[in-house]
Peer 1: 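Quick one: the structure is below, and I'll ask about it shortly.
Numbering of ligands and ligand atoms starts at 1, following listing order.
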Amino acid sequence: MSSAPEFLHPVDPSNGEALAPVACTPPEQLTAIVAAARRAQSTWAEMPFTKRCARLRAFATALRGEASEGLAQQVSREMGKPLRDARAEVRGVASRVESFIERAELAVADEVGVEGGIKVTVRWRPLGVVAVIGPWNYPVATPNNLIMSALLTGNAAVFKPSEFTPHTGALLHGLLAPHLPAGLLGLVQGTGQVGAALVAGAVDMIAFTGSITTGQAIMREAANGMKRLVLELGGKDPMIVLPGADLEAAAQHAAIEATRNAGQVCVAVERILVHQDIAEAFSQRVAEIVRGLRVGDPRDEATQIGPMANARQRELVLGQLARARAAGARFLVEGEARGPGFYLSPSVVVGVTPAMDLASQETFGPVIAIQVARDAEEAVARANDTIYGLGASVWGPPGPETEAIADQLQVGMVGVNRGLSTAGGAPWVGWKMSGFGYTRSVTGMRQFMQPQSRAVRA
Ligand code: NAD
């Protein structure tokens, strides 16, 4: 293995210019940060739950105040997200803190039962120190989900942001840590090597959002200490469109949800499976909408699609597109790569077949890839013929028939005539290789705790 770099060199994806370098955390400092988190954890766990919540509410308030604009600007500068979407990400996080607090109250509550003269209490106890490792695509929202789950359930956390978004990670940490006991939320910076050292360190759990490959590496390492895991991984979400659907609504959903955040969304529409009878009309309408999307400088308020976050990701997408073309796919809209920066305008590709890696591997870019299915049965079979199982949507006539198709999909989250949603406290969860463990919801929070049953003779 090559030696770990001493500095990260993040880049502004809108112009390719270097941002300030960030020092990587050396191994001895990482050990000290984890040890400090462990020392602070007992104070935190002993603090009454309502006080813990008050601290986190203060963080949510801070996110709604003056600091919010600075954080949104940083997200936009470091990963190219249009500023208006970056603001929405930060605002969304402030609201989500409140919804985490609501679920946590139920999650941490003891359960008591009496049976055969024995009083059994199930207590939900914190695990200790949780390593939180994040990706770059939602550099505030994704780690926040994991950090809130860890802290509200009485754990300490040590956060490693993506090497592509270290400044955003440091800002997020700087907004939250002052509301907590000293050391409770540690921050380490670096590439995957620092992530690996954190996983191998004296932590009790790893809460990770990122790629399947990294998730597998973490799982292998975690086996040594039987460390608890929540892994939120990649997706290849199918969207099934059937006759009788509101075609305009479906076309809008396809165009917007495949290109939001330049397609760099774990639950982006990655595969469209449209019934042969409506395929032509649907594809043409999607192309028309996509032609009207504004690609440009993320700081421009009118921009809908900014640059891709980094050169590596753009190369991956361009490679998939080139191979699909060589295998016979046609472009209704041709995506163009341009610089400076990592711009790639959206593509609408038809004639996609399951054998193309555009149809089988996560793309994570602004691409609408359309396959034609003979009937609903074939669409479902293709939707399920994958290692992924994160999200999906089914578009058809409103009613039980369309819902029955949703029931056949092997995914963690599915929308019917809309995108997926976690309204009402539903979990954020993947099936198959898209995830292991999950967050949000009461049961999601309980994955950050150890149940302990205590039997007392009544
Ligand atoms: P990545 O796996 O390359 O990196 C994620 C993080 O893991 C980074 O902080 C990286 O430094 C760290 N890392 C790398 N190797 C490591 C190792 N051996 N041990 C510990 N940490 C290590 O992913 P990425 O490119 O940053 O993010 C994009 C991926 O994230 C996509 O696949 C996307 O679908 C997925 N994602 C999933 C969700 C979800 O909720 N399921 C949400 C957002 C993103």
Side-chain angles (χ1 to χ4, degrees), residues 1-2 4-5 8 10 22 24-25 30 78-79 81 89 96 131-146 149 158-166 168-169 187-201 203 205-224 227 229-237 260-270 308-317 361-365 387-391 411-413 420 422 427-440 444:
M1 195 195 273
S2 59
L8 298 176
V22 172
C24 296
T25 309
L30 183 145
E78 213 164 31
M79 65 77 55
K81 188 177 308 235
E89 180 177 349
R96 197 166 297 150
V132 170
I133 301 176
W136 45 262
N137 64 328
Y138 280 86
V140 179
T142 54
N144 178 69
N145 286 339
L146 306 175
S149 303
V158 177
F159 169 37
K160 191 198 90 61
S162 164
E163 54 271 46
F164 292 105
T165 53
T168 303
L187 175 74
V188 297
Q189 296 277 18
T191 61
Q193 284 161 301
V194 172
L198 181 59
V199 170
V203 299
M205 172 173 182
I206 300 101
F208 170 76
T209 305
S211 64
I212 292 177
T213 311
T214 306
Q216 288 174 308
I218 290 175
M219 200 172 200
R220 277 191 289 272
E221 175 59 39
N224 293 324
K227 292 172 184 174
L229 291 172
V230 164
L231 306 174
E232 303 197 322
L233 309 174
K236 189 73 190 167
D237 289 10
R260 180 193 301 286
N261 208 28
Q264 302 162 127
V265 181
C266 55
V267 290
V269 170
E270 288 248 344
M308 296 201 65
N310 54 67
R312 180 188 77 179
Q313 192 56 37
R314 186 171 68 167
E315 282 312 306
L316 185 150
V317 177
Q361 306 296 313
E362 185 176 48
T363 300
F364 227 53
I387 60 165
Y388 301 93
L390 194 53
V411 294
M413 301 174 282
L420 56 88
T422 54
W428 183 264
V429 55
W431 193 343
K432 300 203 262 186
M433 290 186 78
S434 285
F436 186 89
Y438 56 94
T439 57
R440 307 202 206 164

Peer 1: For atom OH of Tyr438, decide whether the heavy atoms of other residues, nucleotides or ligands shown that lie under 6.0 angstrom number more than 12.
Peer 2: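 Counting neighbours around OH of Tyr438, more than 12 heavy atoms of other residues, nucleotides or ligands fall under 6.0 Å, so yes.
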Peer 1: Mind checking whether Ser162 has a heavy atom under 4.0 Å from ligand 1?
Peer 2: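 The answer is yes: ligand 1 sits under 4.0 Å from a heavy atom of Ser162.
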Peer 1: Do you know which two heavy atoms are closest between Asn137 and Asn261, and how far apart they sit?
Peer 2: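 For Asn137 and Asn261, the tightest heavy-atom pair comes out as O-ND2, 3.1 Å.
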Peer 1: Show me which atoms of ligand 1 lie under 4.0 Å from any heavy atom of Thr191.
Peer 2: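 Matching atoms, with element in brackets: 11 (O).
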Peer 1: Going by the order shown, which atoms of ligand 1 are within less than 4.0 Å of some heavy atom of Glu163?
Peer 2: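 Heavy-atom distances to Glu163 below 4.0 Å select 8 (C), 9 (O), 10 (C), 11 (O).
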Peer 1: Minimum heavy-atom separation for Ile206 to Ala222, with atom names?
Peer 2: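 For Ile206 versus Ala222, the nearest heavy atoms are CD1-CB, 4.0 Å.
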Peer 1: Would you please say whether a donor-acceptor pair under 3.5 Å links the side chains of Arg96 and Asn145?
Peer 2: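 Result is yes, a qualifying pair exists.
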Peer 1: Around atom 27 (O) of ligand 1, find the nearest protein heavy atom and jot down its residue, atom name and distance.
Peer 2: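 Ranked first by proximity to atom 27 (O) of ligand 1 is Pro135 CB, 3.3 Å.
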Peer 1: Examine the proximity of ligand 1 to Arg312 and report which part, side chain or backbone, both or neither, has a heavy atom under 4.0 Å away.
Peer 2: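 Answer for Arg312: side chain.
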Peer 1: To which protein heavy atom is atom 36 (N) of ligand 1 closest, and what is the distance rounded to 0.1 Å?
Peer 2: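 Result: Cys266 CB, 3.6 Å.
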Peer 1: What I'd like to find out is whether the side chain of Phe164 reaches to under 4.5 Å of the side chain of Glu78, using heavy atoms alone.
Peer 2: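 Answer no - side chains too far apart.
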Peer 1: Provide, to 0.1 Å, the distance between atom 17 (C) of ligand 1 and the closest protein heavy atom, together with that atom's residue and name.
Peer 2: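 Going atom by atom, the protein heavy atom closest to atom 17 (C) of ligand 1 ends up being Gly192 O, 3.7 Å.
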Peer 1: In terms of residue, atom name and distance, what is the protein heavy atom nearest to atom 23 (O) of ligand 1?
Peer 2: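 Protein heavy atom at minimum distance: Ser211 N, 3.4 Å.
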Peer 1: What is the minimum heavy-atom distance between Met205 and Val230, and which atoms define it?
Peer 2: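 The pair with the smallest heavy-atom distance is CE-CG2, 3.4 Å.
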Peer 1: Which bit of Ile218 gets closer than 4.0 Å to ligand 1, counting heavy atoms only: side chain, backbone, both or neither?
Peer 2: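 Only the side chain of Ile218 comes within reach of ligand 1.
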Peer 1: Just to be sure I'm reading this right: ignoring hydrogens, which of Gly210, Pro166, Pro161 gets closest to atom 35 (C) of ligand 1? Compare them by their nearest heavy atoms.
Peer 2: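 Minimum heavy-atom distance to atom 35 (C) of ligand 1 goes to Gly210.
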Peer 1: Restricting to non-hydrogen atoms, name the atom on Pro10 and the atom on Pro166 that form the minimum distance, rounded to 0.1 Å.
Peer 2: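 Answer, listing the atom of Pro10 first, then Pro166: CG-CG, 3.9 Å.
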Peer 1: So if I count the atoms of ligand 1 from 1 in the order they appear, which ones are less than 4.0 Å from some heavy atom of Ile133?
Peer 2: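 Per the distance check, 6 (C), 7 (O), 9 (O), 12 (C), 20 (C), 21 (N).
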Peer 1: If you measure from each non-hydrogen atom of Leu233 to ligand 1, which part falls under 4.0 Å: side chain, backbone, both or neither?
Peer 2: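 Leu233 to ligand 1: backbone contact only, side chain stays beyond 4.0 Å.
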Peer 1: Using atom types as modelled and distance alone, determine if a side-chain donor or acceptor of Thr363 lies under 3.5 Å from a backbone N or O of Gly365.
Peer 2: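 Pair absent, no side-chain N/O of Thr363 close to backbone of Gly365.
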Peer 1: If you measure from atom 28 (C) of ligand 1 to every heavy atom of Phe159, Tyr138, Phe364, which option wins on shortest distance?
Peer 2: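 It is Phe364 whose heavy atom sits nearest to atom 28 (C) of ligand 1.
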Peer 1: Under 4.0 Å from ligand 1, counting heavy atoms only, is it the side chain of Asn137, its backbone, both or neither?
Peer 2: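 Asn137 to ligand 1: side-chain contact only, backbone stays beyond 4.0 Å.
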Peer 1: With a 4.0 Å cut-off, would you call Glu163 and Lys160 a salt bridge?
Peer 2: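 Looking at Lys160 together with Glu163, the answer is yes, because their closest N to O distance falls below 4.0 Å.
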Peer 1: Run down the list Ala131, Gly134, Ser434, Pro143 and name the one with the heavy atom closest to atom 8 (C) of ligand 1.
Peer 2: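 Result: the heavy atom closest to atom 8 (C) of ligand 1 is in Gly134.
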Peer 1: Give a yes or no on whether a salt bridge exists between Lys236 and Glu270, defined as a side-chain N under 4.0 angstrom from a carboxylate O.
Peer 2: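 Here Lys236 pairs with Glu270 in a salt bridge, since their nearest N and O are under 4.0 Å apart.
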Peer 1: For this output row, return yes or no: ring centroids of Tyr138 and Trp428 closer than 6.0 angstrom.
Peer 2: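 So the answer is no for these two rings.
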Peer 1: Roughly how far apart are Ile133 CD1 and Thr209 OG1, rounded to 0.5 Å?
Peer 2: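 It is 10.0 Å, given to the nearest 0.5 Å.
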Peer 1: Tell me: protein heavy atom nearest atom 7 (O) of ligand 1, and distance?
Peer 2: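 Looking only at protein heavy atoms, the one closest to atom 7 (O) of ligand 1 is Phe208 CE1, 3.2 Å.
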Peer 1: Could you establish whether Gly435 and ligand 1 come within less than 4.0 Å of each other, counting only heavy atoms on the residue side?
Peer 2: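 The answer is no, since Gly435 has no heavy atom less than 4.0 Å from ligand 1.
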Peer 1: If the cut-off is 4.0 Å to any non-hydrogen atom of Trp428, which atoms of ligand 1 fall inside it?
Peer 2: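 The atoms of ligand 1 under 4.0 Å from a heavy atom of Trp428 are 39 (C), 40 (O).
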Peer 1: So which of Tyr438, Phe164, Tyr388, Trp136 gets nearest to atom 24 (P) of ligand 1, if we judge by its closest heavy atom?
Peer 2: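 Heavy atom nearest to atom 24 (P) of ligand 1 belongs to Trp136.
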Peer 1: Using atom types as modelled and distance alone, determine if a side-chain donor or acceptor of Gln313 lies under 3.5 Å from a backbone N or O of Phe364.
Peer 2: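 Yes; judged by distance alone, with no hydrogens or angles, the pair exists.
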Peer 1: At under 4.0 Å between heavy atoms, which part of Glu362 makes contact with ligand 1: side chain, backbone, both or neither?
Peer 2: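 Just the side chain.
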Peer 1: Please could you name the atoms of ligand 1 that Gly195 approaches to less than 4.0 Å, counting only its heavy atoms?
Peer 2: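 Counting from 1, the qualifying ligand atoms are 19 (N), 20 (C), 21 (N).
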Peer 1: Please state which protein non-hydrogen atom is closest to atom 22 (C) of ligand 1 and give its distance, to 0.1 Å?
Peer 2: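 Heavy-atom neighbour on the protein nearest atom 22 (C) of ligand 1: Thr214 CG2, 3.4 Å.
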